[in-house]
Visitor: 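Structure in structure tokens, see below.
Worth knowing before you read on, the calculation uses all heavy atoms, side chains too, and leaves out hydrogens, waters and symmetry mates. Small disclaimer: the values here were computed from a predicted structure and weren't measured. The chains referred to below are lettered A, B, ... by the order of the sequence lines, with proteins before strands, and numbering in each begins at 1.
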There are 2 protein chains.
Amino acid sequence: MISTPTATPTPDVYSTIGDPTRRALLLRLAEEGEKNVSELVEPFSISQPAISKHLRILRDAGLVSCHKRGRLRLYSIEADGLRQVYDWVSHFERYWDEKLDALGDHLDRKAKD
Amino acid sequence: MISTPTATPTPDVYSTIGDPTRRALLLRLAEEGEKNVSELVEPFSISQPAISKHLRILRDAGLVSCHKRGRLRLYSIEADGLRQVYDWVSHFERYWDEKLDALGDHLDRKAKD
DNA sequence: TTGACATATAACCGATTGGATATGTAATCT
DNA sequence: AGATTACATATCCAATCGGTTATATGTCAA
């Protein structure tokens, strides 16, 4: 009984979503709800073990969870961990969605929250 | 006419921000404005060439720009490319800013779109 | 012009990554 | 029980990564 049960080694969310396959998996789980591994593999041209490895990484990052039903493993999105990405990238928001003229003051104030 | 500004080979923004050093560089440029390389190196315990390499990657990803002044290269944030990350991660927004109790139905319905 | 400074690039290296194939394990079906 | 299905894990491999030191290039200052 060595195995660390859930004890997340916090495997960086940013690098986890750095991979396009993993992003696609996350998006699909978010849009279509829980899916088993075979269903998740299907749209890709890569092997099942490769997808299982991605799912493992996603699980370790806390971005998905899974439970068994019969011989299926049903994976679901666990999006809380993505919030930190949202928060980080929000720091740059003012650079793209506003003309920063007299607005600068307002933004500086918000930045202090 | 669209004209790719610097002929970006689009070296994936997601993997670019996967590195913590690069995220720190971006954040600092955003918060403190343009900086030369020496200034950017200073807070880190890694070598100047290592930072220059990161800056190269950031430039290739279109996330920073630089211009010369004397013997200095002044780097500035170019945050537009981060918007796609913001947009992507926004897909998961509903998972963290809503209590999904009786809301589940509503969400399931939306998922079918 | 010579030397110091600012920065980029080159060459190299060990660690990690993302894939493949092969095998293990548990649940279901006949 | 035996075969099949669904998935995870093990092992291996080439490519990429992030760092290093060494070197090249261009600019300023004396």
Visitor: Any side-chain N or O of B:Ser52 less than 4.0 Å from the OP1 or OP2 oxygen of C:dT7?
Guide: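 Checking C:dT7 against B:Ser52, no side-chain N or O comes under 4.0 Å of OP1 or OP2.
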Visitor: Can you identify which nucleotide, out of C:dG18, D:dG19, C:dA20, has its nearest atom closest to the A:Ile46 side chain?
Guide: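 From the listed options, C:dA20 comes nearest.
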Visitor: By nearest atom, which of the nucleotides D:dG26, D:dT9, C:dA27 is closest to the B:Lys68 side chain?
Guide: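 Of the candidates, D:dG26 comes closest.
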Visitor: B:Leu58 has an atom CG; how far is it from atom P of D:dC17, in whole Å?
Guide: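 Distance, rounded to whole Å: 13 Å.
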Visitor: Can you say whether the rings of A:Tyr86 and B:Tyr86 are parallel (under 30°), tilted (30 to 60°) or perpendicular (over 60°)?
Guide: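 The arrangement is parallel - the two ring planes meet at less than 30°.
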Visitor: Atom CZ of B:Arg73 and atom P of D:dT25: how far apart are they, to the nearest Å?
Guide: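 The distance from CZ of B:Arg73 to P of D:dT25 comes to 13 Å, rounded to the nearest Å.
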Visitor: Any base atoms under 4.0 Å from A:Phe44, or only sugar-phosphate, or nothing? Heavy atoms, all strands.
Guide: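 A:Phe44: no heavy atom of the nucleic acid under 4.0 Å.
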Visitor: Check the phosphate of D:dT20 against B:Ser47, side-chain N and O only, distance under 4.0 Å to OP1 or OP2. Yes or no?
Guide: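 Answer yes for this pair, as a side-chain N or O of B:Ser47 is under 4.0 Å from OP1 or OP2.
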Visitor: Starting at CG of A:Leu72 and ending at P of D:dA8, how long is that distance when rounded to a whole Å?
Guide: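 Value for this atom pair: 11 Å.
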Visitor: For C:dA8, does either OP1 or OP2 sit under 4.0 Å from a side-chain N or O belonging to B:Tyr75?
Guide: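 Result: yes.
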Visitor: What is the distance from CZ of B:Arg23 to P of D:dG18, rounded to the nearest Å?
Guide: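 From B:Arg23 CZ to D:dG18 P: 11 Å.
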Visitor: Taking only the side-chain nitrogens and oxygens of B:Arg71, find out if one of them lies under 4.0 Å from OP1 or OP2 of D:dT25.
Guide: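 For B:Arg71, the contact criterion (side-chain N or O under 4.0 Å from OP1 or OP2 of D:dT25) is not met.
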Visitor: Round to a whole Å and report the spacing from CG of A:Leu25 to P of C:dG18.
Guide: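 Value for this atom pair: 12 Å.
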Visitor: About how many Å separate CD1 of A:Ile17 and CG of A:Leu26, when rounded to the nearest 0.5 Å?
Guide: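 If we round to the nearest 0.5 Å, A:Leu26:CG and A:Ile17:CD1 are 8.0 Å apart.
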Visitor: The side chain of B:Val37 lies closest to which of these nucleotides: C:dG18, C:dA8, D:dC7?
Guide: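 Comparing C:dG18, C:dA8, D:dC7 against the side chain of B:Val37, the answer is C:dA8.
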Visitor: Which nucleotide wins on minimum distance to the side chain of A:Gln48, given the candidates D:dA8, C:dA6, C:dG18?
Guide: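 Between D:dA8, C:dA6, C:dG18, the one nearest the side chain of A:Gln48 would be D:dA8.
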Visitor: Could you tell me whether the side chains of A:Glu34 and A:His67 share a donor-acceptor contact shorter than 3.5 Å?
Guide: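 Yes.
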Visitor: Which nucleotide sits closest to the side chain of A:Thr21: D:dC7, C:dG19, C:dA8?
Guide: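 Nearest to the side chain of A:Thr21 among the choices is C:dG19.
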Visitor: Does C:dT9 have OP1 or OP2 sitting under 4.0 Å from an N or O in the side chain of B:Lys53?
Guide: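 For C:dT9, neither OP1 nor OP2 has a side-chain N or O of B:Lys53 closer than 4.0 Å.
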Visitor: Could you tell me whether the phosphate oxygens of D:dA6, OP1 or OP2, come under 4.0 Å of any side-chain nitrogen or oxygen in A:Asn36?
Guide: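 Checking A:Asn36 against D:dA6: no side-chain N or O falls below 4.0 Å of OP1 or OP2.
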Visitor: Could you state the interatomic distance from OH (B:Tyr75) to CG (B:Leu40), rounded to the nearest 0.5 Å?
Guide: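 Spacing of OH (B:Tyr75) from CG (B:Leu40) equals 8.5 Å.
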Visitor: So how far is it from A:Tyr14 OH to B:Arg22 CZ, rounded to the nearest 0.5 Å?
Guide: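 It is 14.0 Å, given to the nearest 0.5 Å.
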Visitor: Taking only the side-chain nitrogens and oxygens of B:His54, find out if one of them lies under 4.0 Å from OP1 or OP2 of D:dC17.
Guide: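 The answer is no; no side-chain N or O of B:His54 sits under 4.0 Å from OP1 or OP2.
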Visitor: Closer than 4.0 Å, any side-chain N/O of A:Arg22 to the OP1 or OP2 of C:dG18?
Guide: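 It does, given that an N or O in the side chain of A:Arg22 lies less than 4.0 Å from OP1 or OP2 of C:dG18.
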Visitor: Choosing from D:dT20, C:dT21, D:dG18, which nucleotide comes nearest the side chain of B:Ala50?
Guide: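 Selected nucleotide (nearest to the side chain): D:dT20.
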Visitor: Please give, in whole Å, the distance from C:dT7 C1' to B:His67 NE2?
Guide: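 Nearest whole value for this atom pair: 15 Å.
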Visitor: Specify the residue among A:Ile57 and A:Arg69 whose closest nucleotide of DNA chain C lies further upstream toward the 5′ end.
Guide: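 The residue whose closest nucleotide sits nearer the 5' end is A:Ile57.
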Visitor: Whole angstrom is fine here: how far is it from CG in B:Asp19 over to P in C:dT17?
Guide: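 To the nearest whole Å, that distance equals 12 Å.
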Visitor: Give a yes or no on whether the backbone of B:Cys66 and the side-chain of B:Arg73 come within a donor-acceptor separation of less than 3.5 Å.
Guide: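 It does not hold such a pair.
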Visitor: CZ of A:Arg59 versus P of D:dC7: gap in Å, rounded?
Guide: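 It works out to 12 Å between those atoms.
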Visitor: Phosphate oxygens OP1/OP2 of C:dT9: is one of them under 4.0 Å from a side-chain N or O of B:Arg56?
Guide: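 For B:Arg56, the contact criterion (side-chain N or O under 4.0 Å from OP1 or OP2 of C:dT9) is met.
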